Structure formats: C-alpha cells, structure tokens
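For clarity, every value in this text was computed on a predicted model and none was experimentally measured.
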Amino acid sequence: MRLWPDTTWWRRLRVMTWKELVQLMRDPLLLLFVVYAFSADIYNAASGVTLQLNNAALALLDMDHSRASRELAGRFLPPEFRQIGGAGHAGTGMALLDEGKAMAVLDVPPGFGDALERGEQASVQLQIDASNSVQGFLTSVDATQIVARFGLETASARLGLGGGAIDGPLIDNRTRVWFNPNQNDAWFMGISELLNVVTLFSMLLPAAAMVREKERGTIEQLLVSPLGPLQIMLPKILAMVAVILCGTALGLFGLLIPVFGVPVQGSLLLFFVVTTGYICTLAGIGILIATVTRNMAQAGMMVILILAPMMFLSGAWTPPEAMPAVMRALMYVSPLYYFINASYGILLKGAGVAALWPMLAGILALGLAVGTACTLRFTKQFG
C-alpha cells in the first residue's frame, strides 16, 4: 500500500490549484473586492477610527463669571474638547444635549470662585450625552482628570506650595506604556482590520469557489473525473491561501508599515506561518458552508452568520475579563481569539513560539477538528 502520493497525484493537485487561481482572475468583481479590502478598507480603519476622545462638543453654563470659572473652562482644550459657546441658562444646555449639538455641558454654579478662595469645597456639574456610551465614558474620564488637576493646583497655590517643595512623604507615580508608547490607535485598528479581513476571505473565498462549481454544474464533471474528493477540495484551499497571503502582504508592507509606521518587533516568517495555519482552518469552515448551501447568496449569509459571533468572541473589542462566564468559555472555540493574540504578540511585542504556544496549539487543534469534519462531510456528499 502506497503511503505517499505518486507524481500523478501531485501533478493533478498543481493543475487544479492553478485552475482555481485562473477562475478567480476571471471574476473581476470578487477580485476587486479582495484588493479593496486589503488596501482601502484597512487604510480607512487605521486612519478614521479612534478609541480616544476627539473633538467632543462642550457648552459652558457659567453662572459664576469669576476668574476661577474662566480658568477651569479654559482647560477644556482641543483635540479632546471643542467649545461651542455659552449655554446661557440650564434650559438651553439641556436643549443642546437633546438636539445632539453638544456632547457635554459644564455647569459652574454661583460662588464657585469665592468658595475656592476661602478654601471651602466647591463643585461643578457636567452633564453628558451618554447615548453613545463609549464617547460618554471617555468624556467623563477626561473631564474628571481636568477638574481634579485644577482642584489640586488651586489648593497647592492657596497653601503656597505652587513653586516650593512639599515636606513629607510623596508618591512618585511613573507610568510606562509598553509596545505602543504613544498609544497610537492606528496601530491597533490597522492590525485589527487586517486580521478581520483575513478572517472574512478565509471563509468566503473557498466557499465561493465550491459554490461556483455547483451553480455552473461543473461539480458533476469533477466527480466523474479521475480526481478524488481530496483532490477536488484541497486545491480550492491552497489557491485561496495563496491569494489571502498575497493580500496580507499588501496590507502589511503596502500600508501598515510604510504609511502608519506599525513596528514589526517579531518574526515575519512566524507571522505568515501562523496566518497560513489560520487560513487553512477557516477555509475548512468555508468548504463546510459550501456543502450545505446552494448558491452564493446563501453562502454569503452563512459566512456573515459565523463571522459576527467569531469577532465578538475574539476579545478584540471586549476584554475577556469583562465577558460573562459562558461567553468566556465560548471564546476558546473562536479561532480568531487565538489568531489575534498571536498576531499582536508577534508584530507588536516580538513574542516567539515559546510565549505563543497556547495560541498556536489552539489554532492547530481547531484546524484538525475542522479539517476532519470538512473531509468527512465533503466525502459523504460528493464522494
């Protein structure tokens, strides 16, 4: 019994793989979609999406009209805040919030400056439009820091400690930001979008290649040919792996590194090896989708149905620690969870196999499970 395929088997595999690439080149719309996703889509995500507060509209309701109130209001500066003028009275401030013209209204009560001069407690009110909970939270955090810093400096100046040393023990708080010192959102968003695009096409392209055979009626011709089920299925996976790796190289070397300055701290070879294993894992899911769908519309719907929960369970948007226990358990069956951790570890942290072996083992285990299920399902249906 022959344990290793003969030269005829390998020749058929090579010819069928080339045939899949030629068929993809003859589909200009799908090819254009691939090029757009690995170029313009990644650029838009890296340059247009930010997780920091930016240009939040602030209205001032100053009922004190003192030097202290003006100084406090003057600390709400761009790029975090954009002052749109005075509110006049409380009703105007609420109207600005209701109409969406202001993100926040800073209400300084009468006697604010006098209370500070006497060393008494003084308070201000910040009303925030939290219909967008993320922007509302960021506005609250930034405003709290500004007011707290102003209060500390005012108290120090009143006690005559503004320019002198403070007797007594001090806490020396030094914050060190690793891997992304400037907290550049473009690094995170650009890599995240690249990984999401890889995930999408790893399922969509193999599914499209197989469903195309069904729609054109050529699947029956392949089944009566000397090709076995594996020789029909494997070339579709290999061809799409090659296309997606080329797209990954385009996004990484054409945009993220030269345009956004994303540093590559680890081994690019390791990154592409991990990416290849991940693509093969999801390509198996794509073939499974093709075995239960009849046309491209159904295949696209199934891809979206699987992709959405996979992205939410990846940990990219919601930290695993913030997920319910059930969701954390489901997170470990999402290949994207392992791929994201491995990719950020390689590209930004310079991690190697020794540090990333749990992620690599997760991708390998899921790949073996999906590959086995895919082969059995395909053989049962078309064998």
> Please say whether more than 12 non-hydrogen atoms of neighbouring residues, nucleotides or ligands are located less than 6.0 Å from OH in Tyr43.
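No - once you tally the heavy atoms of other residues, nucleotides and ligands closer than 6.0 Å, there are 12 at most.
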> Is it the case that more than 12 heavy atoms not belonging to Phe150 sit under 6.0 Å from its CZ atom?
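For Phe150, atom CZ is crowded (more than 12 foreign heavy atoms under 6.0 Å).
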> Are Val105 and Ile128 connected into the same hydrophobic cluster when the rule is that any two of I, L, V, M, F, W, Y join if their side-chain heavy atoms are below 4.5 Å apart?
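Not linked; separate clusters.
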> Between Ser343 and Tyr278, does any side-chain donor sit less than 3.5 Å from a side-chain acceptor?
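Ser343 vs Tyr278: no donor-acceptor pair found between side chains.
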> Can you hop from Val259 to Phe188 via hydrophobic side chains spaced under 4.5 Å?
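Linked, Val259 and Phe188 end up in one cluster.
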> Picking from Val241, Leu245, Leu195, what satisfies side chain to side chain contact (heavy atoms under 4.5 Å, CB included) with Thr275?
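Only one option passes, and that is Leu245.
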> Classify the ring geometry of Tyr332 against Tyr338: parallel below 30°, tilted from 30° to 60°, perpendicular beyond 60°.
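Tilted.
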> Is there a continuous path of hydrophobic side-chain contacts, each under 4.5 Å between heavy atoms, that joins Leu32 to Leu24?
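Cluster IDs for Leu32 and Leu24 differ.
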> Could you state whether Leu58 and Met63 fall into the same hydrophobic cluster, counting links through intermediate Ile, Leu, Val, Met, Phe, Trp or Tyr residues with side-chain heavy atoms under 4.5 angstrom apart?
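No; Met63 is not reachable from Leu58 via cluster members.
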> Restricting to non-hydrogen atoms, name the atom on Arg70 and the atom on His65 that form the minimum distance, rounded to 0.1 Å.
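Between these two residues, the closest heavy atoms are NH1-O, 3.5 Å.
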> Quick check: are there more than 12 heavy atoms from other residues, nucleotides or ligands sitting under 6.0 Å from CZ of Arg328?
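More than 12 heavy atoms, drawn from other residues, nucleotides or ligands, come within 6.0 Å of this atom.
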> Indicate, with yes or no, if Leu30 and Ile304 share a hydrophobic cluster defined by side-chain heavy-atom contacts under 4.5 Å among Ile, Leu, Val, Met, Phe, Trp and Tyr.
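Each belongs to a different hydrophobic cluster.
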> Step through the shown structure and confirm whether more than 12 heavy atoms of other residues, nucleotides or ligands are within 6.0 Å of CE on Met301.
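Counting other residues, nucleotides and ligands, CE of Met301 stays at 12 neighbours or fewer.
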> Using side-chain heavy atoms (C-beta onward) and a distance below 4.5 Å, is Leu61 in contact with Leu106?
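Counting from C-beta outward, Leu61 and Leu106 never come under 4.5 Å.
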> So how far is it from Leu305 CG to Met310 CE, rounded to the nearest 0.5 Å?
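The CG atom of Leu305 sits 10.5 Å away from the CE atom of Met310.
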> Is any NZ, NE, NH1 or NH2 atom of the basic residue among Arg75 and Glu80 found under 4.0 Å from an Asp or Glu carboxylate oxygen of the other?
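Salt bridge flag = no for Glu80 with Arg75.
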> Would you find more than 12 non-hydrogen atoms of other residues, nucleotides or ligands less than 6.0 Å from Glu120 atom CD?
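Atom CD in Glu120 is packed in, count exceeds 12.
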> Got more than 12 heavy atoms from elsewhere within 6.0 Å of CE, Met323?
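Yes, because the 6.0 Å sphere around CE of Met323 holds more than 12 heavy atoms from other groups.
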> For Ala45 and Met189, work out which heavy atoms get closest and say how close.
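Smallest heavy-atom distance, with atoms named: O-CB, 3.5 Å.
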> Check the surroundings of atom CZ in Arg118: do more than 12 heavy atoms from other residues, nucleotides or ligands lie under 6.0 Å from it?
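Check passes, neighbour count above 12.
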> Do Phe38 and Ile244 have side chains that get closer than 4.5 Å, going by heavy atoms?
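In short, these two side chains touch, coming nearer than 4.5 Å.
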> Check whether any side-chain heavy atom of Lys19 sits under 4.5 Å from a side-chain heavy atom of Lys236, and report yes or no.
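They are in side-chain contact.
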> Would you say that more than 12 heavy atoms from the other residues, nucleotides or ligands in this model lie under 6.0 Å from the CZ of Phe179, or not?
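Yes, the 6.0 Å shell around CZ holds more than 12 heavy atoms from other groups.
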